[in-house]
Amino acid sequence: MPSDPLGVFMTGEHRVANLEIRPDEKQVLIDGARVGLTVREFQLLSVLMDRPDRVMQRPEIFTAVWGSDMRRRDRSIDVLVRKVRSKLQ
């Protein structure tokens with residue numbers, strides 16, 4: 001996991017409806033069944049679930065997940081979000 005300069009990585013388990021995330025174990029469960037996510041996919045989901053009432057800007061998400069500044073016109077976040085959505089459906 002990259003450094004956490006923005007303080008965005010969650011601590012403790014979180015649950016939303018049938019989705020549960022266990023950051024200490026790096027696990028995501030849907031209805032109790034484990035969902036296989038890559039490290040980056042898990043980091044993205046962790047960042048977004050830890051801030052449910054907050055809109056995050058692309059550069060902020062990029063820094064939180066990749067640990068570096070976003071390159072101009074980079075679509076990595078879009079691709080990663082699409083992959084996470086498909087695995088959670």
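Just so it is clear, the values below take in all heavy atoms, side chains as well, and ignore hydrogens, waters and symmetry mates.
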Rounded at 0.5 Å granularity, tell me how far CG in Leu45 sits from CG in Leu37.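 Reported to 0.5 Å precision, the distance equals 6.5 Å.
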Once side chain to side chain contact (heavy atoms under 4.5 Å, CB included) is applied, do any residues pair with Arg34, and if so which ones, sequence neighbours excluded?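 With neighbours one apart ignored, the set is Gln27, Leu29.
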Non-hydrogen side-chain atoms of Leu19 and Met49 separated by less than 4.5 Å: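 Yes - at least one pair of side-chain heavy atoms lies under 4.5 Å apart.
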Is there side-chain contact between Ser46 and Ile21, with at least one heavy-atom pair below 4.5 Å?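 In contact.
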Could you work out, with side chain to side chain donor-acceptor pair (under 3.5 Å) as the rule, every residue matching Lys87, not counting sequence neighbours? Glu41
Side chain to side chain contact (heavy atoms under 4.5 Å, CB included) partners of Val79, counting only residues at least two apart: Arg82, Lys83
Once you round to the nearest 0.5 Å, how far does CE of Met56 lie from CD1 of Ile77?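 Reported value, rounded in 0.5 Å steps: 9.0 Å.
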If every non-hydrogen atom of Phe62 is compared with every non-hydrogen atom of Ser76, which pair is closest and at what distance?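 The pair with the smallest heavy-atom distance is CE1-CB, 4.2 Å.
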What residues form a salt bridge (charged side-chain N to carboxylate O under 4.0 Å, His left out) with Glu20, not counting sequence neighbours? Arg15, Arg22
Heavy-atom distance under 4.5 Å between the side chains of Val84 and Leu48, does that happen here? no
Report yes if the side chains of Trp66 and Leu80 come closer than 4.5 Å at any heavy-atom pair, otherwise no.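 Yes. Closest side-chain heavy atoms under 4.5 Å.
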Within a strict 4.5 Å, meaning less than it, do heavy atoms of the Lys26 and Gln43 side chains meet?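 They are not in contact (no side-chain heavy atoms under 4.5 Å apart), so the answer is no.
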Can you list everything that forms a side chain to side chain contact (heavy atoms under 4.5 Å, CB included) with Asp31? Sequence neighbours excluded, please. Asn18
